[in-house]
Structure formats: C-alpha cells, structure tokens
There are 2 protein chains.
Amino acid sequence: MIPPTEIRRGGAAATVTDVARAAGVSRATAARVLGDYGYVNVETRERVLAAARSLAYQANQLAKSVATGRSKTIGVVVADIDSPYFARAIRAITGTASAHGFVVILATTDEDIEVERDAVRVLLTKRVDGLIISPTSSSEVAHLARLSEIDCPIVLLDRRVPQLRADTFAVDNFRAAYEAVTMLIGRGHTDIALASNALAHPGQHLISSVRERIDGYRAALDDAEIPVDPQLVVMGGAEPQNLAHELRVLCSSPARPTAFLATESSVALVILNVLRELHFSIPDDVSLICFNNPDWTSITTPPLTVISQPIKELATAATEKLIARLTGAASNVRKETLLAATLIRRGSVSDVCHVQRSAVLTSPQPLKPPGKSMS
Amino acid sequence: MIPPTEIRRGGAAATVTDVARAAGVSRATAARVLGDYGYVNVETRERVLAAARSLAYQANQLAKSVATGRSKTIGVVVADIDSPYFARAIRAITGTASAHGFVVILATTDEDIEVERDAVRVLLTKRVDGLIISPTSSSEVAHLARLSEIDCPIVLLDRRVPQLRADTFAVDNFRAAYEAVTMLIGRGHTDIALASNALAHPGQHLISSVRERIDGYRAALDDAEIPVDPQLVVMGGAEPQNLAHELRVLCSSPARPTAFLATESSVALVILNVLRELHFSIPDDVSLICFNNPDWTSITTPPLTVISQPIKELATAATEKLIARLTGAASNVRKETLLAATLIRRGSVSDVCHVQRSAVLTSPQPLKPPGKSMS
DNA sequence: GTGAAAGCGCTAACAC
DNA sequence: GTGTTAGCGCTTTCAC
C-alpha cells in the first residue's frame, strides 16, 4: 500500500508534503493542521498529527518566514556583552522574547559605528521583525532612521536619540547624577570629580547616558553654586591604562578631589586600583559613588555606594513594547520611558569636615533605598 | 521608456526580479551577479549592480537559506549570560562568527533541561547550521544526540559529555583544582573546603566542570593522604541565601576549614560576605581561591588568588571549529580540546603555621603566572 | 553569457 | 472541510 516514495531521503527533514502523503491528504490540509489555521475535520487532523509525529516533522521556520514575511526574530545590537549591565539586559531580552515565541539574533559593536551599521545591515538581511539597539552614537543615526521607512520597528535601549522618534527605554541619568552629586555636596564635598571611560572626541557627541550624567553632575554643582572645575571631569577613554594615568595625575595634583562619581562600575574598578596604589583610603581620604550595581560592589572594603539602574525592567519593557508593535498591539505614538535609578547607600561616602560638624556615621549605612518606579 | 511597473510597491524591499527588470536582464542573470556565482559579462554585471544600487537592493537571506539549505546562522545555548564567564564566551562567539559571515541566535536555559530541550528545538526550526552549547546535564542528552543524525554539527563548550562524541572545548578542571588544592596543602592547609553553587541531586550527575573540580580536589587530598571530610564539600545550590546558610553553619562548627576552594566567582562572593559577617579575615583566618577571574577579584581586600580560565580562547576555538565543520574544512574525527587554567597568585592565601615555619609573605604576590597553552 | 523553468518548504486565495 | 493553485525570493540545471 505504501508507495516507495514513502522512504525518506537520506536524513533530510520531513516536509509538509511528506506528512500530507503519509496522512493521505493534500498539502493544503496538512499545512492547515501543522500551521494551526483554517478549518479541518478533527479526525483528519488527528491523522495528520499522527503522521507528523511518526515522521518527526519539524516546521521549517525559514520557509514559513519567506512565505509570510515575518520571521519571529528580533535583532539586538549592543556595544558589549562583557559589561554585567548589558549582560543582564540581554538576558532579560532573550527571556522575554522567547516567552513570546521570538528568537534573538545578537550583534555586538564594540562602540564602533561602522560595525554597528554593518550589524544592522546584516540583521535586515536576515529579515528580523524588529530591532532593539543601544546605539553607539547619538548623531550618526542615518542607518537607524532608514529603518522606520522600511517598516522595521526599532526600540532604543539605555541610550536616547531624540532625533529618531523611536520608542526609548532608558534611565533618568540626569536626575540620578544630580541626586548623587547633591548628596555628596550635602556631605560637605565641593571638589567632586566625574570620571568616565567615554572619550570626548572633539565635535563628536557623547552617548546620551554619559552626556546626561555629566549634565546632572554640572547642574548639581551649579545649583549649589560650586564652580565646575574642568580638570575634575576626566574622560579616560575605553583604555583602562589611560584612564588610570589621568586619575593618577589628577590625584597627585593640587586639584585633588575629595569625591568621585564614576559613570560606570568598570571606571570604579580603575579608581579603586589607583587609590590603592596611591595609598588613599575610601571613604576617609576620598569618597566614591558609581553607576551600576554589580554584585561585587557590596563586598569591597568598604562596600560601594552605587546608583543602581533598573536595567532588567528596562530591557523587559523594551522587548515587550517591540513585540507589541510587531503584533499590532501598540499605539502608534512613539514614547520615551525613563525609569528612575536608585541610590544605594553603602560605605564609600563620608563627610568632609571643613567646618566641625556633628559626628556622622561614615560606616556602611544599610538605609532602605527609595523605591523605584516607572515614570 | 520606463514601464509603470517600475514603481516600487509601498516600501517593500527590492527583489532580484525588480533589479533584473531595472537592468533589463533576466532574473537568472541578476541572481548570478547579486549572488556572485556563475559567469556573467562584465558589462552586464555593471548594469545589474547599478540597478541594485539605485533600488537599494538587499538580498533576502531567508529566501536564500530556504533555497540553499544553509542559513549562515549558528545557535548558541548557555545557562546564563549574567555570569561574566559566559558573557565573555558569547562575546567571543559573536565576534568570531560575524568575522566569518555568520550570525548568532542566542538562547539561555537557566540550567533547566526542559528549557534547553525547547531551545534546541526552536533553533532547529530556525535551521541553524550548527550549535554551540554548554549543556545543563551530562546525562540527559538525547536531544543533543539526535542532532548528529540530522546532520546539525554541534560543539560543546566548557562542559563535557563523553557519550556524545562531539567536538568539545573545555578547561582542564581536574588539573586546575588539583593544583590549587596541592598548593594549599603545600602552604600547610589540611582542612580545605570546597564550595559550589551546584546541587547534588540524588542520582543526578553534576555538570562535568563541577564534577571534575571536585575530583581534582579529592585527588589532591588523597595524594597528600589527607582524608576527605564530606562536611567540607558544600553544595549550596543556585540560591545564594542557601549557600550562605550552609557556609555559616560550617564556619561556626568545629569542622571549620582553614581554606576554601570556590568553584565559581559568584560562590567566592558569597563566601566573602559570610566571612565578613563572621568577622573572619582573609587570609589570616581563612584562605580562599576561586575559579574564574572577573575584574573585581583584583581589587578586593585582599585581592583574590584565582584560577583563570581561558574562556575567550575556548569560545573562539569552538566557533572556529564549528565553522570549519560547516564549510567542510574540518577533519571528520571529533576531538576534545582541553586548555590549561592558570593559577594567579594574589593575596587571599596564607600559610597555616601548625609547625613554626620560616616567615613567608602572605601579602599580594605578583608572581608571574605560568604560561597557558593549548593542549 | 544568458534565459526559461523548476524547485526549496511554506502560506493563502479560491474553488468545489 | 478539502484540494488546487499560485505565490514568497531566491538558487540552479539545462538548453540555446
């Protein structure tokens, strides 16, 4: 009864046609039950499913995608995964995506705009349904602007690009920096340095997160009527050695600050190394606050006061928004979502006693951080 | 002259057909130049390329894939990206892959075998050309064994599964643990504990890396004729609170060890917290060595002596091997590549003075670590 | 060299 | 309900 054609060709996967033949129905019918659409007799369905099972049929999503025009794939483009910050983001993205039946293609750019452009091109070639990106540049975004024309939804994560009018999920960095610096000022600090691993290319825009942190830092000083000393803003670039060098110079100069705000935890690491090398102690000689809250900041001596960013929530929300857009469940208006960061007070900040003040604890203060909230 | 059909339909991407029409050639010819295969007159080629350019033609890789049967995509399945260890691996994989024109689909399992099975199934559905996986279980591998049947090359990263006969890239964990423990013994320690965030499910196999580290630990003790105290092997499970609890109990008992070997840096973090809480100091009261070498281990007080694993090299080699297999450039025999780990001596190990010994430095020793090598 | 035509595995009108 | 048929965008064989 069974025709010889029934014999599967060497190792190749079973197709709808194979299943249809095995079940004795047309391809359309088989496709209907396998694709789970349209009406089909419950008995016929069983027969098809049985055939599919026995042939270990697995749908070819690629073929499905070219037929439907949707790939159930989202592209993710970030600078680096090494940072625990982005690692957590990616983790949240893949989790959320797969819960919705989407798969994630990952690309890293190393903060290189050329690589980013290329990554986006490749992802388009793979026909991703949408893109989550943490853009390297806030100005060179032509390759991103193009996306809306070709109807590939894009959501920005962690970094804003106002001119793009895309859904954006980021931290309120200005406020976070402002509050941290204001806190330092309240503790008596006036010589507060800001350290970053960004680089101030002349004429080049900084990525928004760093830009906003610096702005917040400046605003806090301004509001306290403390002049901003340009020397105290050190942009070391991605090379730790260089950053370390600049910090060493700064700390050995008369302009030596009494407190540091680090724009990244990796910067804090460099600061810690330099301070140790110079035999400065934290928080007695200098206070330190850094952005991000990787595990290790709680076990240093002293534990670090940090600005914790809700990256997981951000990434999850970004992914859900993108998927909503893809399934037509999102409103047409592009929205910017700014989440508040949380200042976690630990032991790396102390008072500066210009004037004799009443004794204040300088040791670890397990204060309950203010609740974070969606804005 | 230009037919009205020349007008692009709303926003949709240009296809080979469009380009062919614009260039006044057949689809086959256009396909040849766009796909860069077969012979075509150099002049015709120019015409086609010009047309492609003006239409902003971008090949549809999906369609190409269903036609050719190869997707230029590799699937990566790991437990978690949060760990800096795997993050670095993924980074290396995406980098290497993209250098070879491949793209990476990422899936995380959270050490859940069901999730892993599902991830593999989904990736197959996407017709990945091959798989890099760090399997959750060393015993439940039927879903992986199936892969070789359907001709989907797989390479194992970081964890071994002997019964799978797949290319494997891992660290020589046995030797690494053996050497670390032997070093501790040489420093006078006899009560050496091993702590892990794995869980000893009854009848369940541990993942190979943990298994081998424990074996190495035991072997070192055996060879030194030190009895292995089961109490000193604490398997806390993934829940840090639980691990912390077990450690607290152990450290408060008479069985308190003088040294710890942590199978993960995240475990070291927990140990550090517990020790601080108990007011034990490192390395005076207890010594500590941990696997992995995240940045932060060099800035704790004291800096941690660690076992650094060449994960980047491993991941790069794994990716290259997979791609070689995909392009038919690899020999048929499956090979296991074990790279040596490197013991980096810093400040968290000190001597135990059962017997009075000559003074030995216990402060940070920037000894040059032994060179690592491919095996 | 180039074109016509079949095919990859799937979806989706449209008839019956 | 089910089958027929025409696509999706690309490759590839085979004539001319």
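Every chain is numbered from 1 and lettered A, B, ... according to where its sequence line falls, protein lines coming before strand lines.
Close to D:dC10, at under 4.0 Å from its OP1 or OP2, lies no side-chain N or O of B:Tyr37.
A donor atom on one side chain and an acceptor atom on the other are not found under 3.5 Å apart for B:Thr109 and B:Asp112. Side-chain contact, B:Ser26 with B:Thr29: a donor N or O sits under 3.5 Å from an acceptor N or O.
Following rounding to the nearest Å, A:Arg21 (CZ) and C:dG9 (P) show an atom-to-atom distance of 11 Å. As a whole-Å value, the separation of B:Arg127 CZ from D:dC10 P is 20 Å. Rounding to whole angstrom units, CZ of residue B:Arg27 and C1' of D:dT13 are separated by 14 Å. Atoms CG (B:Leu55) and P (D:dG9) sit 14 Å apart, rounded to a whole Å. Distance A:Lys64 NZ to D:dC8 C1': 15 Å, rounded to the nearest Å. The interatomic distance linking B:Lys72 (NZ) with D:dC10 (P) rounds to 17 Å, in whole Å. In this structure, A:Tyr39 atom OH and C:dC14 atom C1' are separated by 17 Å, rounded to whole Å. The interatomic distance linking A:Asn60 (CG) with C:dT11 (C1') rounds to 13 Å, in whole Å.
Checking B:Ala67 against B:Thr29, the closest nucleotide of DNA chain C that is more toward the 5' end is the one next to B:Thr29.
Checked against D:dT12, C:dT2, C:dT11, the side chain of B:Ala31 finds its nearest nucleotide in D:dT12. When distances run from any side-chain atom of B:Ala28 to the nucleotides C:dA5, C:dC10, C:dT11, the shortest one goes to C:dA5.
The terminal axes of the helix from C:dG1-D:dC16 to C:dC16-D:dG1, fitted over 5 pairs per end, subtend an angle of 40° to the nearest 10°.
A heavy atom closer than 4.0 Å to some atom of DNA chain C occurs in B:Asn41, B:Thr44, these being the qualifying members of residues 41-50 of chain B.
Interface remark: the A:Arg32 side chain does form a donor-acceptor pair with the D:dG3 base, using a distance-only criterion of under 3.5 Å.
The pair B:Arg121-B:Glu114 does not count as a salt bridge, with every side-chain nitrogen at least 4.0 angstrom from each carboxylate oxygen. Look at B:Arg91 and A:Asp110 and you find a salt bridge, because one of the NZ, NE, NH1 or NH2 atoms lies within 4.0 Å of a carboxylate O, short of that distance. Salt bridge status for B:Glu336 with B:Arg159: absent, with no side-chain N to carboxylate O gap under 4.0 Å. With salt bridges taken as basic N to acidic carboxylate O contacts below 4.0 Å, one links A:Arg45 and A:Asp36. Salt-bridge check for A:Glu149 with A:Arg146: failed, with every basic side-chain N at 4.0 Å or more from each acidic carboxylate O.
Base engagement by A:Val66 is indicated by at least one non-hydrogen atom pair under 4.0 Å involving a base atom.
Taking NZ of A:Lys126 as the start and CD of B:Gln61 as the end, the distance is 4.5 Å to the nearest 0.5 Å.
For the pair A:Leu131 and A:Leu147, the minimum side-chain heavy-atom distance is below 4.5 Å.
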